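See structure below.
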Number of protein chains: 2
Amino acid sequence: MFVSITTDHRSLINSLSELGISSGSNPIVSLSEFTYKKGKTIYIESEPAEYVYQVRKGAVRTCKLLSDGRRQIGAFHLPGDIFGLENGGVHRFRAEAIIQTAVRLIRRQHLETVAENDAVVWRTLLSLTTNNLQHAEDHMLLLERKTALERVAAFLHEMDERLTAADVISLPMSRRDIADYLGLTVETVSRAVSQLHTDGVLDFIGNTQREIVILDRQRLASLDLQS
Amino acid sequence: MFVSITTDHRSLINSLSELGISSGSNPIVSLSEFTYKKGKTIYIESEPAEYVYQVRKGAVRTCKLLSDGRRQIGAFHLPGDIFGLENGGVHRFRAEAIIQTAVRLIRRQHLETVAENDAVVWRTLLSLTTNNLQHAEDHMLLLERKTALERVAAFLHEMDERLTAADVISLPMSRRDIADYLGLTVETVSRAVSQLHTDGVLDFIGNTQREIVILDRQRLASLDLQS
DNA sequence: CGACATATTGATATCCATCAAACCGGGTGG
DNA sequence: CCACCCGGTTTGATGGATATCAATATGTCG
């Protein structure tokens, strides 16, 4: 049920590169790189959205904080993903590096200028936003109508699809991050994972609890029920 | 916390009209009207998205059905609102008329053609999609982190803002619709409304339970906590 | 008026949050 | 190298919010 955001996102910076605005006249301003240490903030809510980012390495979470301390994670961004694209010119979420993370960034201003006369860029921007929308819609369904076990299964299913590189799912985010993403508590997430373990759906690798192997993809997918 | 989707949406068809594609050469094909009786389906999931709609009168719900019968309502669309705009060419939700409803519709194809060379249309499309995204994000927050009373308060607050016409909020949708929008059951919604009533936050008008007057806007807003 | 849908209210069950404690791995400093 | 601490995780016990089940009330439409 989760959208592969990655696919189309890659194409933005690619297409921008093709358009010659990337490493053209001024590579430092127009398309530069930056790294963030674990836990560091990339931007905060209501900050002017000066840049659009692409994850090159690591992982990023975008989240909101409520007045009473509750936290909502809207999405996780993995290598290849684009984030920080806003329409109103102001960030509606806060972005933080979950682990050591490297990003590429483009001045928003450049996009606007180039887009003005180019349908390809417009189409790409719209496509990116639509993918975000689709992810949000799927996530709404999860939050509205699914049990704790179904949510965790859906999360693992999503990660399994997005981290297809290896057999082992190496989760960069903590149980707390997962809980805040799924609208659950740490304890409930832990219990759900444990149950999936004892049910033989997954297994742990190594001594840390963040390296997971899916043993029974079919059962996992059956828990992540579709619309 | 809810976005006024209406504002920017009006401008799409206005700007399209200004562009001369509305009642220009072929008014019947390019910009026509249609009415749906209460409960009638406007389009279903995975149907090709041939048209974009604007509500003129009445109310529309867009929803998804899960395999086990659970239903999620993604949004309510009131007069002025645009709905049915998809990027992938296929509807991801089902749209149904809640009450007797009149819509205007535009062929998606026309948008594409005109947009191709016109930044204004692109900007409008992007803006519409961004508004939808923002609504979805706010709704995610609600579903992830709010209690039943907070959700119902947020819903009434949203409706109060969108139906500013009169003092009386005349809800077109049933308790079931509200429940499926908020991720609650009918009973819980009913109990929450009753509590707001006994607490003196709102009052009912007439003999139906769908005509509501907000007595204490401040307290209602205080329940609809912000990020 | 009667039948049916919609809404409210009540009683109970269930899932998940909360509170609490133990566990584990990694880092630090003696 | 080991003792200690500390953040993250797991596991257990309990309570509470909401779902579920059931009954009543109210409104609508024929």
Side-chain angles (χ1 to χ4, degrees), chain A residues 37-39 61 66 68-72 98-100 142-156 170-199 202-212 223, chain B residues 37-39 61 66 68-72 98-100 142-156 170-199 202-212 223:
Chain A
K37 288 224 171 66
K38 176 182 173 181
R61 61 173 171 251
L66 275 76
D68 59 359
R70 288 180 283 188
R71 185 179 69 155
Q72 176 217 15
I98 297 175
I99 50 177
Q100 169 97 2
L142 179 149
L143 295 166
E144 237 177 88
R145 291 284 166 234
K146 292 191 181 175
T147 67
L149 194 63
E150 287 170 342
R151 293 184 197 194
V152 172
F155 169 75
L156 290 173
S170 184
L171 299 175
M173 68 289 286
S174 69
R175 294 291 192 262
R176 166 145 301 284
D177 288 333
I178 300 172
D180 287 344
Y181 179 60
L182 298 177
L184 300 169
T185 59
V186 204
E187 296 93 328
T188 304
V189 171
S190 181
R191 273 184 251 270
V193 174
S194 295
Q195 188 178 333
L196 291 173
H197 182 223
T198 57
D199 287 2
L202 57 82
D203 202 359
F204 299 111
I205 297 282
N207 39 16
T208 163
Q209 305 91 332
R210 296 194 187 175
E211 309 270 319
I212 291 176
L223 286 171
Chain B
K37 290 225 171 65
K38 176 181 172 180
R61 62 174 171 250
L66 275 75
D68 60 359
R70 288 181 281 189
R71 184 179 70 155
Q72 176 218 16
I98 297 175
I99 50 177
Q100 169 96 1
L142 179 149
L143 295 166
E144 236 176 88
R145 292 284 167 235
K146 291 189 183 181
T147 67
L149 194 64
E150 287 171 341
R151 293 184 196 193
V152 172
F155 169 75
L156 291 173
S170 185
L171 298 175
M173 67 290 285
S174 69
R175 294 290 191 261
R176 168 145 300 286
D177 288 334
I178 300 172
D180 286 345
Y181 178 60
L182 299 176
L184 300 170
T185 59
V186 203
E187 294 95 327
T188 303
V189 171
S190 182
R191 275 184 249 270
V193 174
S194 296
Q195 187 176 335
L196 291 173
H197 182 221
T198 58
D199 288 1
L202 57 81
D203 201 359
F204 299 111
I205 297 282
N207 38 17
T208 164
Q209 304 92 330
R210 295 194 187 176
E211 310 268 318
I212 291 176
L223 285 171

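Here is how names work: the chains are called A, B, and so on, in the same order as the sequence lines, proteins then strands, and each is numbered from 1. None of the values given here were measured: they were computed from a predicted structure. We use all heavy atoms of the structure for the numbers below, so side chains are in, but hydrogens, waters and symmetry mates are not.
Taking the screw axis at each terminus of the helix from dC1(C)-dG30(D) to dG30(C)-dC1(D) from five consecutive base pairs, the angle between the two is 30° to within rounding of 10 degrees.
Looking at R61(B) and R71(B), their side chains come closer than 4.5 Å, going by heavy atoms from C-beta outward. Put simply, the side chain of R151(A) reaches to within 4.5 Å of the side chain of L143(A), judged on heavy atoms.
Less than 4.0 Å separates DNA chain D from at least one heavy atom of each of the following residues of residues 203-210 of chain B: N207(B).
Between V193(A) and R175(A), the closest heavy-atom pair is CG1-NH2, 4.2 Å. Between E144(B) and Y181(A), the shortest heavy-atom contact is OE2-O, 3.5 Å. Closest heavy-atom contact between A148(A) and T188(A): CB-CG2, 3.6 Å. T198(A) and Q195(A) make their closest contact through OG1-O, 2.9 Å (heavy atoms, listed as atom of the first residue, atom of the second, distance). Closest non-hydrogen pair, P172(A) versus R210(A), comes out as O-NH1, 3.1 Å. Among all heavy-atom pairs drawn from I178(A) and M173(A), the shortest one is CG1-CG, 3.7 Å.
The CG atom of D177(B) sits 9 Å away from the P atom of dA7(C) (whole-angstrom rounding). Remark: P of dT6(C) and CD1 of I99(B) are 14 Å apart, rounded to the nearest angstrom.
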Filtered N/O pairs between nucleotides 17-19 of chain C and protein, under 3.5 Å:
from: dA17(C); atom 1: OP2; to: T185(A); atom 2: OG1; distance (Å): 3.1
from: dA17(C); atom 1: OP2; to: T188(A); atom 2: OG1; distance (Å): 2.4
from: dT18(C); atom 1: O4; to: R191(A); atom 2: NH2; distance (Å): 3.0
from: dC19(C); atom 1: N4; to: E187(A); atom 2: OE2; distance (Å): 3.1

Checklist entry - Passes side-chain contact (heavy atoms from CB on, under 4.5 Å), L149(B) versus L196(B)? Steps please. => result CA-CA 8 Å; L149(B) 194 64; L196(B) 291 173; 4.1 Å; yes
Next on the checklist: Please determine whether side-chain contact (heavy atoms from CB on, under 4.5 Å) holds for the pair L171(B) and F155(B), giving the CA-CA distance in whole Å, both sets of side-chain angles, and the decisive distance to 0.1 Å.
Outcome noted: CA-CA 11 Å; L171(B) 298 175; F155(B) 169 75; 4.3 Å; yes
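D203(B) meets the salt bridge (charged side-chain N to carboxylate O under 4.0 Å, His left out) test with no other residue; sequence neighbours excluded. Contacts of R145(A) classified as salt bridge (charged side-chain N to carboxylate O under 4.0 Å, His left out), with partners at least two apart in sequence or in another chain: D180(B).
When DNA chain D is scanned 5' to 3' for any atom under 4.0 Å from a heavy atom of chain B, the first and last hits are dT18(D) to dG27(D).
For dT9(C), one of the phosphate oxygens OP1 or OP2 lies less than 4.0 angstrom from a side-chain nitrogen or oxygen of S194(B).
The structure places CD1 of I99(A) at 9.0 Å from NZ of K38(A), a figure rounded to the nearest 0.5 Å.
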